[in-house]
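The structure appears below as structure tokens.
Naming convention: chains lettered A, B, ... in sequence-line order (proteins, then strands); numbering from 1 in each chain.
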2 protein chains.
Amino acid sequence: MHTYEQILETAYMLFARNGYEKTSLSMIAKEVGISKPAIYYHFPSKEALFTALLDAVCEEIRFEKYFNPAEFTADNFTEKLISCGLKMIQDQRENTEYSLLMKEFMIQSTRDHQILITVQGVIESYLKGFENLLRYGVSLGVLSEEGIRTKAEMLTLAIDQMDNYMTLGIQLDYEGLWRHLVSQINR
Amino acid sequence: MHTYEQILETAYMLFARNGYEKTSLSMIAKEVGISKPAIYYHFPSKEALFTALLDAVCEEIRFEKYFNPAEFTADNFTEKLISCGLKMIQDQRENTEYSLLMKEFMIQSTRDHQILITVQGVIESYLKGFENLLRYGVSLGVLSEEGIRTKAEMLTLAIDQMDNYMTLGIQLDYEGLWRHLVSQINR
DNA sequence: GTCTATACAAAGATAGAC
DNA sequence: GTCTATCTTTGTATAGAC
């Protein structure tokens with residue numbers, strides 16, 4: 001593996017565990033096994049390293065990676081919506097570092113406009129993604145046309161906050177919550 | 001106003017705007033109009049100042065401040081639940097600094113165990129608060145007994161995440177979402 | 001392409017004067 | 001109760017050698 005990728009992966013881990021501010025370039029360099037100034041050969045600044053990481057993560061969690069419309073049919077619609085959500089919840093539970101890093105991006109977005117735009121984009125893509133998926137469900141005849149947008153907002157809101165709560169160590173019946181939520185969509 | 005309170009209020013503002021790490025004691029001292037070491041007379045450390053702030057904020061946002069069970073009757077139950085939630089959403093929209101500071105606590109909670117316990121406590125109190133309130137609704141005969149806990153989890157999740165999204169500048173029909181959610185509770 | 005040496009700024013904190 | 005002076009550490013970043 002090249003140094004560039006090693007830096008990215010190490011930064012991913014350390015930013016997630018310690019946060020952006022509390023992770024220094026020295027720490028990253030030490031972990032990778034290079035000198036601190038060597039990082040500046042690959043990235044112009046700490047901030048640039050951080051945003052490079054943001055872009056990589058955003059690519060990882062695109063809506064279609066979890067909810068692929070092609071897999072949804074009239075017969076399996078509700079069950080598919082439930083199982084895809086459960087898969088996502090499961091992934092988030094196992095991959096704590098991703099969740100922590102995403103939180104870090106959220107925090108930094110209140111101070112950095114470029115990061116804000118990117119983070120907003122991720123959420124908007126989920127809102128649009130759910131909305132399109134539900135409309136597809138309507139066209140399949142398995143959902144009523146009423147309040148599609150509201151339902152999409154609800155699903156986005158919920159799956160996002162469940163991740164936050166899991167990271168915080170709040171013990172909830174997340175699977176049950178998601179099941180309940182989806183079943184309310186198409187009553 | 002005493003210096004102690006002035007430090008707290010200034011720290012409140014600066015921690016909210018710049019975040020914990022990016023707010024230095026020098027900045028706080030300058031804003032208050034005292035010297036940096038003078039802060040150490042009132043607070044043993046930066047961290048202690050931060051947790052003192054956390055305790056103050058937690059007191060501010062207790063569940064009962066927004067959802068006072070004494071105000072709920074059989075006649076007004078659903079409407080009261082909606083209006084109390086709307087009031088809370090409105091407060092959060094107007095008081096951005098509180099929301100930002102709360103986010104800061106969330107982030108720090110992943111690194112500081114004492115903060116984690118406190119933050120978890122706030123969320124647990126909302127979970128318990130909604131649960132008790134809904135059970136009260138059952139005893140009044142306006143709600144069915146089914147899935148009370150799940151419904152309480154849903155309300156907590158939603159009102160919390162709506163705050164996050166508002167801070168992020170995501171444009172949603174928050175009032176409509178809350179109305180929809182509450183109306184689904186007691187069908 | 002990567003490292004050594006170093007610059008420069010700023011942080012949190014302490015001792016002791018007033 | 002507040003300040004001056006200072007310590008110690010650590011951060012990001014640059015210049016230039018190899």
Q) Can you give one letter per nucleotide of nucleotides 5-18 of chain D, 5' to 3': B if a protein heavy atom sits under 4.0 Å from the base, S if only from the sugar-phosphate, - if neither? A) B-----SBBB----
Q: Would you mind reading off the distance between Leu49(B) atom CG and dG12(C) atom P, rounded to a whole angstrom?
A: 10 Å
Q: In whole angstrom, give the distance that lies between atom CZ of Phe43(B) and atom C1' of dA13(C).
A: 16 Å
Q.
Side-chain N or O of His42(B) versus OP1/OP2 of dT2(D): is the shortest distance under 4.0 Å?
A. yes
Q. Quick one: Gln6(B) CD to dG1(D) C1', roughly how many Å, whole number?
A. 14 Å
(Q) Please verify the inter-ring angle class for Phe15(A) with Phe50(A); under 30° counts as parallel, over 60° as perpendicular, anything in between as tilted. (A) perpendicular
Q | Electrostatic pair Arg179(A):Glu175(A) at N-O distance under 4.0 angstrom | A | no
Q) From dT2(D), dC3(D), dT4(C), pick the nucleotide closest to the side chain of Ser35(A)? A) dT4(C)
Q) With a 4.0 Å cut-off on heavy atoms, is His2(B) in touch with a base, just the backbone sugar-phosphate, or nothing at all? A) nothing
Q) Does the pair Lys128(A)/Glu124(A) count as a salt bridge with the N-to-O cut at 4.0 Å? A) no
**Q.** side-chain N/O Tyr41(A) vs dT2(C) OP1/OP2, d < 4.0 Å
**A.** no
Q | Under-4.0 Å salt bridge between Glu104(B) and Arg111(A) | A | yes
Q: Hydrophobic side-chain clustering at under 4.5 Å (ILVMFWY, transitive links): who's grouped with Tyr41(B)? Put none if nobody.
A: none
Q) So, Asp163(A) side chain and Ala158(A) main chain: donor-acceptor pair closer than 3.5 Å or not? A) no
